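Residue numbers start from 1 in every chain, and the chains themselves are labelled A, B, ... in the order their sequence lines are given, proteins ahead of strands. Computation of the quantities below employed the complete heavy-atom set of this structure, encompassing side-chain atoms and omitting hydrogens, waters and symmetry-equivalent molecules. Keep in mind that what you see is a predicted model, and the values were worked out from it rather than measured.
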Number of protein chains: 2
Amino acid sequence: MSDEEDRPLRAEGANPFGVGIGSRPKPKGVGVGPKEGPGPIVILVTPQMGENIGTTARAMANFGLTELRLVAPRDGWPNERAFSAASGADWILQDAKVYSTTAEAVADLTRVYATTARDRDMVKPVVTPRRAALEFRALIDEGQRAGILFGPERTGLENDDIALAHTILSVPTSPRFWSMNLAQAVLLVAYEWHMLEVEVPEKFLRIGQTEPATQAEVQGLVDHLVTELDDAGFLRPVEKKPSMVRNIVSFIQRAEPTGQDVRTLRGVVRALTRRYQRGQPNPRPRKPQAGS
Amino acid sequence: MSDEEDRPLRAEGANPFGVGIGSRPKPKGVGVGPKEGPGPIVILVTPQMGENIGTTARAMANFGLTELRLVAPRDGWPNERAFSAASGADWILQDAKVYSTTAEAVADLTRVYATTARDRDMVKPVVTPRRAALEFRALIDEGQRAGILFGPERTGLENDDIALAHTILSVPTSPRFWSMNLAQAVLLVAYEWHMLEVEVPEKFLRIGQTEPATQAEVQGLVDHLVTELDDAGFLRPVEKKPSMVRNIVSFIQRAEPTGQDVRTLRGVVRALTRRYQRGQPNPRPRKPQAGS
């Protein structure tokens, strides 16, 4: 299962996400090493399925979390199915620590979060994953050690485990369908943590090997096109010509053209006009069309 | 697998997430119905594994997306494994539309996003899931129809599919481990969409059946405690008493006590002092300790 699940989703090459140009990752999307800065600790309490431990490790690795603790995993530890589901995030599973009780697993922590759902009549602050990420950052900067408890599939955390926590972490799902997969819950917490850590522009233009067009190149294209359109009788009536040209220029600029785009478009114009000039059959000479 | 993966993660009861007090969801976390407002359309291009189609549907349901399209799923459609992995998000699978080609699947859309990773030397704007969510909201408010292409596990989208897209959607993963599970990629996109849609306080205090303590109740507790501590000789030397009392009050307030907390704490004080007054053995009378 794990092999076929692999899929690249990150931008490589000319991008700001941290992988340099030309540095192709290994086939399974595993980079150079496991080292990341300190982050919150993921604690799976009595996890039932090895697959979910593995996909949890993968989700942690996707977003730079490294420290995994397991409280009394049902099928013992190590678990072969966990490793095969981790799709290469093995270092997290190899370093995972196993405890008999939740109390032991959190003994060295100074701040504990519990992911839960049911209303247990316990008085706790409740935070979203986004807010939790901010709190983790502040706590860790202070030298505190923060951990997040995730309960077993299906039943969730026991009341005694939740009582150990300072804060409830709750994902604001759709009220119509709120049952989440264990690893997906871990993923969202890890994702929000990572989003705080990375500085990624929310939008940028990936232009590969080429450069954005200069204004001179764009103007050259526009002049070329306008000349040809004038010849073809397209820019009429003459009082409409300025607004027609403006619309064409706006369209070109909206596409944020590269130098290569401009060269390609000039080639297109040349090809179309050459065909027209060659006197081939053209039933609508004012709007020459490509193709035979 | 799907049964055991189920786990509740949402706060029920007194919470602002949309489920009313006392409205227990059905056992599998499925609420009253599939209807949500219009959102972006999820398009899986040649998905390989039925399980991933099912977990994609579940992730969509968690965050209120409803419209799924499948381009040439490898194992045909419908697929039994998809339904068993969906953990109850059946309506999404039942309504899924199947197409032979990506071009057909996007024919009625006005804006197409492609999730991808490899640098394909195509000039496209690249956005994060967070930015994409803002764009989806704006597009849909304008009456546009937006869809997101997700490529097959392992290989990702073909260049011809990416060329159809206006925009690249890229998740800023850790550069060390960027290979994401298909459904988890869908989950993040759906999550960011939902986070825009819901109005959830990032932090609130869940207090169950009780009420926050009034200042009078807190003051009553403090007065009670200070009286007993004075009697026990704890608040000495006298010039330090004001700061000691301030510290105690601050501690109590930091816990944001409920009325029940205050009653419990007064019971604790009474119990401790009663024991002391009964003249039981107490080697350190200035710091009475509970327990035998």
Sort B:A132 into side chain, backbone, both or neither according to what part of it lies under 4.5 angstrom from a heavy atom of chain A.
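Nothing of B:A132, per the 4.5 Å heavy-atom cut-off to chain A.
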What part of B:E135 gets closer than 4.5 Å to chain A, counting heavy atoms only: side chain, backbone, both or neither?
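B:E135 touches chain A through side-chain heavy atoms alone.
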Please check if atom CZ in B:R81 has more than 12 non-hydrogen atoms from other residues, nucleotides or ligands closer than 6.0 Å.
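For B:R81, atom CZ is not crowded (no more than 12 foreign heavy atoms under 6.0 Å).
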Donor-acceptor side-chain pairing of A:Y191 and B:Q184 below 3.5 angstrom
no
Considering non-hydrogen atoms only, spot the tightest contact between [X] and [Y] and give its length.
{"X": "A:A61", "Y": "B:S174", "result": "O-CB, 3.5 Å"}
{"X": "A:S179", "Y": "B:R58", "result": "OG-NH2, 3.1 Å"}
{"X": "A:P172", "Y": "B:M195", "result": "CG-SD, 3.6 Å"}

Compare all side-chain heavy atoms of B:N181 with those of A:T55 and state whether any distance is below 4.5 angstrom.
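No; the side chains remain at least 4.5 Å from each other.
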Does B:L188 reach the side chain of A:F63, with side-chain heavy atoms less than 4.5 Å apart?
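SC-SC contact between B:L188 and A:F63 confirmed.
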